[in-house]
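This structure is a prediction, so every number in the text was calculated from the model and none was measured. Numbered from 1 within each chain, the chains take letters A, B, ... in sequence-line order. What's counted below: heavy atoms across the whole structure, side chains too, no hydrogens, waters or symmetry copies.
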Amino acid sequence: MSKANTVVVLDFETTGLSPTYGDRAIEIGAVLIENGEIKDRFQELMNPGRPIDGFIESYTGITNDMLKDARPCKEVMSQFAGFIGDYNLVAHNASFDKRFLDAELKRVSKQYTGKFACSMLLSRRLYQGAADHKLATLVRYAKIPSDGNFHRALYDSEMTAKLWLSMLEHINSHYGLPSIPFTLIQKLSKTPKHKVSQYLNR
DNA sequence: TGCCAGGCCCTCTTTAGGGCCTT
C-alpha cells in the first residue's frame, strides 16, 4: 500500500484527560484511508486495570461491565501498532490523541514513525464559518450524514475521516489542488488564518 | 484513593489571561 496516499484516522476514548496523571485508554477506533476511500477499520475496547468513573460511563456509553471482559491495554495497543504501521496519522484535536498513543505504546515498547495532522486545526483554517470546531458541529457544517452517535472511538474516527476527506475536497474545489502533500497540510494547519488563501494560491 | 492537562489562538498581548478542543 502506498504510504504517501494513505493515512490512519484514529480516536481514543479514555478514563480522563491526562496520561501523565495516570489516565488510560479504554477504547481505540481507527479507519485507514487510501486514495480518498476508507479501506480498513480497527475498533476494540480495552481494560485499563481499574474502574472508570460515572462521568466517563455517561459521556462514552462505555460501562465498567463492558470493560470487565475486554483485553488489557497492552494486548490491544500491541495489535494496534501493527495497524498504524508507518502511515501518517490524523485525529480531531490530535495533541490529545497523540499523548495517549505515545503513552500507551511506550508501555508496550512499540514505536511509530508516521506524523500527525490535526483535523481541528485544519478546520479552523478552512471552515472559519462554522459555529465552533467541535467534531459534531463540523460534521453538520460539512453536511456529512450522521446519526449523532458521537463519543465512541470507531464512530468518531469515521466521522473525522469523512471530515478530513471533506476538507481535502474543499481544497481541491476552492483552490484547484486535487492532491496536497501531507507535510503541506501540516504547515497549512499552522498558517495564520488570514494567510490561508495566500498559502493555497501560491 | 484522589489528585488532575496542554497546545493553540485571540486580544483589552508579548513582563498575560482565558477560551477552545479532546476524555
Side-chain angles (χ1 to χ4, degrees), chain A residues 7-31 42-67 70 73 76-77 80 84 89-107 115-142 144 146 148-164 166-167 185-199:
Chain A
V7 296
V8 170
V9 185
L10 61 89
D11 181 71
F12 279 103
E13 304 305 317
T14 70
T15 64
L17 294 172
S18 175
T20 57
Y21 280 80
D23 284 316
R24 299 296 304 273
I26 59 173
E27 187 181 43
I28 179 66
V31 300
F42 187 104
Q43 183 273 325
E44 189 155 346
L45 292 171
M46 54 190 124
N47 190 325
R50 58 182 171 84
I52 59 174
D53 64 32
F55 173 80
I56 296 299
E57 284 192 316
S58 173
Y59 186 82
T60 64
I62 298 169
T63 64
N64 282 297
D65 195 54
M66 292 164 68
L67 295 174
C73 294
V76 176
M77 291 308 301
F80 185 63
I84 64 177
L89 305 167
V90 170
H92 199 68
N93 197 11
S95 69
F96 174 85
D97 292 281
K98 182 178 187 299
R99 281 197 294 276
F100 277 94
L101 182 67
D102 291 351
E104 293 293 349
L105 289 184
K106 185 177 181 182
R107 287 172 176 269
K115 303 300 181 188
F116 262 96
C118 177
S119 55
M120 184 187 74
L121 293 182
L122 185 60
S123 75
R124 283 176 174 169
R125 273 79 186 168
L126 298 180
Y127 292 161
Q128 297 187 30
D132 58 51
H133 295 84
K134 293 180 173 72
L135 178 59
T137 303
L138 291 164
V139 165
R140 283 196 302 273
Y141 182 82
I144 296 166
S146 164
N149 189 24
F150 290 95
H151 306 307
R152 285 298 298 270
L154 182 59
Y155 190 83
D156 282 7
S157 66
E158 292 226 33
M159 290 298 107
T160 302
K162 290 176 180 178
L163 174 65
W164 186 253
S166 163
M167 290 192 289
I185 295 179
Q186 287 179 304
K187 290 179 183 174
L188 174 60
S189 299
K190 302 274 181 117
T191 297
K193 291 178 184 176
H194 64 282
K195 291 186 175 177
V196 168
S197 292
Q198 181 183 332
Y199 183 91

Pairwise N/O distances under 3.5 Å, protein to nucleotides 1-7 of chain B:
from: B:dA5; atom 1: O4'; to: A:S18; atom 2: OG; distance (Å): 3.4

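- Proximity of a side-chain donor or acceptor of A:R99 to a complementary backbone N or O of A:P19 within less than 3.5 Å is not detected.
- The distance from atom CG of A:L67 to atom C1' of B:dT23 is 13 Å, rounded to the nearest whole Å.
- A donor-acceptor pair is defined here as one N or O able to donate and one able to accept, closer than 3.5 Å; such a pair exists between the side chain of A:E57 and the backbone of A:N64.
- As judged by a 4.0 angstrom heavy-atom cut-off over every strand, A:D11 is placed among residues touching the sugar-phosphate backbone only.
- Side-chain proximity of A:L121 to B:dT23, B:dC8, B:dC10: nearest is B:dC8.
- For the segment residues 129-139 of chain A, residues with any heavy atom less than 4.0 angstrom from an atom of DNA chain B are, sorted by number, A:D132, A:H133, A:K134, A:L135.
- Looking at heavy-atom distances under 4.0 Å, A:F12 makes contact with sugar-phosphate atoms alone, never a base.
- Heavy-atom minimum distance, A:A161 versus A:V9: N-CG1, 3.8 Å.
- Not a single donor-acceptor pair under 3.5 Å links the side chain of A:R124 to the backbone N or O of A:M120.
- Taken from CH2 in A:W164 to NE2 in A:H92, the straight-line distance is 11.5 Å, to the nearest 0.5 Å.
- Within 4.0 Å (heavy atoms only), A:T15 reaches no atom of the nucleic acid at all.
- Heavy atoms of A:R24 sit nowhere under 4.0 angstrom from any nucleic acid atom.
- A:S189 places a side-chain N or O within donor-acceptor distance of the main-chain N or O of A:I185, the cut-off being under 3.5 Å.
- Here A:R152 pairs with A:E27 in a salt bridge; the nearest charged N to carboxylate O distance falls below 4.0 Å.
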